[in-house]
Amino acid sequence: MVHGSYNSHAPSRRLSRLTIDARPLPRLRPSRPELAFATCLLVWTALARAEGLPLRLERALGEGHGQPAEQGAAYVRADRVSGEIEERLTLEGSAEIRRGGTVLRGDRITFTVATDEIEAAGNVRVYRDGVAVFGPSLALRIDARTGAMPEAGFTYAPHGGRGTARRIEFLEGDRLRLEDAVYTTCAPGDDSWWISARRLTLDRDGELGVANGASVHFQGVPILASPYFQFPLGDRRRSGLLTPSVGINSKLGVEAIVPYYWDIAPNYDATISPRVMSKRGVLIGTEFRYLERNFSGTVEYDLVPYDRVTETSRSYVSLRHAYDNAGGLTGGVDYSRVSDDKVPADYARTIAGSSRLVLPQEAFVRYAQRYWSALARFDQNQTLQDPTDPVVKPHERVPQLALTARAPRIAGIDAGVMVDATQFDHPTLDTGTRFIVNPTLAYPVRAPGYFLVSRLQWLGAWYDLDDPRRTDQRPSRTLPMASVDGGLVFERQAGWFGEAAVQTLEPRLFYAYVPYRDQVDLPVFDTAEADFNFTQLFRENRYSGFDRVSDANQLTAALVGRILDPASGAERLRGAIGQRFYFTSPRVTLPGGTAGSGSESDLLLELRGVIARAWIADLYVQHSTLENKLVRAATALRWQPKPGSVMGLAYRYKLDEIEQVDLAAQWPIAERWYGVGRANYSIRDKQWVELLAGFEYRDDCWALRIVGQSFVTIGEGRTTSLLFQLQLNGVASIGTGLLDQLRRSIPGYQPIDPRQTEFRRYEDYE
């Protein structure tokens, strides 16, 4: 075996330019460096055969120790080396040339100076950066960077891909052209799917692939074909067609979407998605995105020129814009509008999308500094009315101006003030202006084992109403508010399923006093009774907004216990119990409401986290101790013993409003087969709110999902659809966005993706 190396810093660089991307080898010239090179071959051979050759041990295979690829040496190895330096060099028997991470191997490699060509024959293999091309022979013109390999095969280690081509041509500019190419990521011997192309051109510098006459074959059957399409070879964005999707929907019929991505500029792009629906017609969906240094946003516009069912033109428009100059000035726009109330229900693919009833139309500007901030906001909306359950349109703020300021830690006291002036508008309800002033003083005392926070507030509200029929068009209300919040924190080291943990016990008391003020004459612009939960237990006012302030003389008592991870502080399990006790019954109500009675609130119970190995619980219970009945409950129990296996049971109840049972699961039913499903039943309404059932199949290089879904829409309508997705490992997914739907419907769902090839730089090193 003869070894040799040639350093490209020498005046002649004949062998220093060989790379997999067909960069040229400079022409050999008769000069002394060639003689030196031949001498080096002989010396290297002698040294390699000598015993005790001193080598320095490299502790790790690292980068950056050698010379750059364009400057490093070319290393030659073969059983026999022969030829004339000025004319021809022949390597025979396990011939190999290495340079800059590129490897060329063959039974025989010949370099001809006159024609500037390398010819390799017999088990030829070219390797670089995880890409290997192999075939019976290779002809390469070095300076022109052109050549060809007939009947070639290739592998791509980073994606686990492989393929064949009748002919691979090496073109100028680091490009490859493959004739009659076939590609797959399946293992050798597995032809579950493949992509074939009459001609495939790969531009590695431009990171672009172009296929002519391409088709996708699955289980031997062509399922998708295109005369021309482009695809990226790297992270660089490219304009072109995206993966199409197909589905069946009871309201839309058979539908197909073929998105086109337009890479306008590095910070601008657009997606145009024609959606053909057999029952409705054509929906043209567009999305434009922009990103600048200080602002970004998205504009969406969907248009159905002619809906065959309604015989009208229908549309949806959305604008989301955010601004931030990093100097304290921020702003944003969130605007949505539809042509008619039923657009979301008719065209949405999910129950969440179909149930949108209020579309925001707001804009704001905020300027914030360390201790103060100012806000200006315009807030309108489009309310979609359900004929069976009309929604009251919220008041619109046109505009709202607010100023907040704080002065922390002045003699241990935190001081703050909020000033708000808002003009409210509504087509049928009270309209007018409201002015709010809310100064606060707080004295916090905190230590590792306890905390105590005393707080004083004064809240003033003044109105200027537009209704001349009111006896008092300028009502007002002022009142003080006081509270004391204190708690203890006990903790100890404990074990949790064989692992170290920290257990805490945290008793807490909260006292609030607010005097009674008659507020019957005040309008209700943005106020509602707040949801009763553990957060609300520790607030002075049981109403949200400023139009009602509940009188209070009450004490809240709660006990919280936690299991914490001692390393990260993450909460593994949390349990809590709390209740509010009234020394005087609250008298302030909303219009149509009744005053409170009794000396205590409902009892709250909460348990959340891992209760046993693979068991996760989420329990919330609101129980009336006065009437001894359940007011609200939300319970969920999930068992997840291993990836891809989860079962969940949930129950939701709200007195006189909701009672639902929800069962969801993802579970293996046979080797490689998984079942998925969800059943949400309303006991109160005696109907299925949502039904979802299907299966998933995972192979080594592909996965298939087929799911049927039915859900209730507004107006007592129902949408039924059939969704499917074929995922080809390392290439693309064909079908609808089914993964997002399964994640929303099945808590704990995990995709059963085909095995991904994790490529490490030296894993497939030649």
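Quick note: numbers below take in every heavy atom, side chains included, and nothing from hydrogens, waters or symmetry partners. It should be emphasised that the depicted structure is a prediction, and the values quoted were computed from it without experimental measurement.
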Identify whether the distance between the nearest side-chain nitrogen and carboxylate oxygen of [X] and [Y] falls below 4.0 Å.
X    : Y    : answer
R508 : E506 : no
R434 : D547 : yes
R744 : E690 : no
E657 : R684 : no
D526 : R397 : yes
D414 : R406 : no

Can you tell me if [X] uses its side chain to pair, donor with acceptor, with the backbone of [Y] under 3.5 Å?
X    : Y    : answer
N438 : W458 : yes
R587 : A595 : no
N541 : S550 : yes
Q666 : V676 : no
Q519 : R517 : yes
Q579 : S601 : yes
S250 : T720 : yes
E659 : Y653 : no
D518 : V520 : yes
D551 : P515 : no

As a test of understanding, state which of T422, L459, V419 forms a side chain to side chain contact (heavy atoms under 4.5 Å, CB included) with I436.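 Single pass found, and it is L459.
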Taking the side chain as everything from C-beta on, heavy atoms only, tell me whether [X] gets closer than 4.5 Å to [Y].
X    : Y    : answer
D602 : L626 : no
Q622 : L604 : yes
V588 : Y543 : yes
Q400 : F378 : no
D531 : Q536 : no
F538 : S483 : no

Are there more than 12 heavy atoms of other residues, nucleotides or ligands under 6.0 Å from atom CZ of R743?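 Check passes, neighbour count above 12.
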Could you go step by step and tell me if R652 and D662 meet the salt bridge (Lys or Arg N to Asp or Glu O under 4.0 Å) rule? CA-CA 8 Å; R652 288 180 290 274; D662 198 339; 3.1 Å; yes
If you look at every heavy atom in [X] and [Y], which pair is closest and at what distance?
X    : Y    : result
S476 : W462 : CB-CD1, 3.4 Å
P394 : N381 : O-ND2, 3.6 Å
Q554 : Y511 : O-CD1, 3.0 Å

Would you please say whether a donor-acceptor pair under 3.5 Å links the side chains of Q423 and T433? yes
Measure the acute angle between the ring planes of F424 and F525, then classify it against the limits of 30° and 60° as parallel, tilted or perpendicular.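 Because their plane-to-plane angle is under 30°, the rings of F424 and F525 count as parallel.
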Can you tell me how the ring of H426 sits relative to the ring of H395, calling it parallel under 30°, perpendicular over 60° and tilted otherwise? tilted
Could you please spell out the steps behind the salt bridge (Lys or Arg N to Asp or Glu O under 4.0 Å) verdict for R562 and E491? CA-CA 9 Å; R562 309 174 198 265; E491 69 175 45; over 6 Å; no
Atom pair OH (Y651) and OG1 (T635), whose distance is rounded to the nearest 0.5 Å: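 Rounded to the nearest 0.5 Å, the OH-OG1 separation comes to 8.0 Å.
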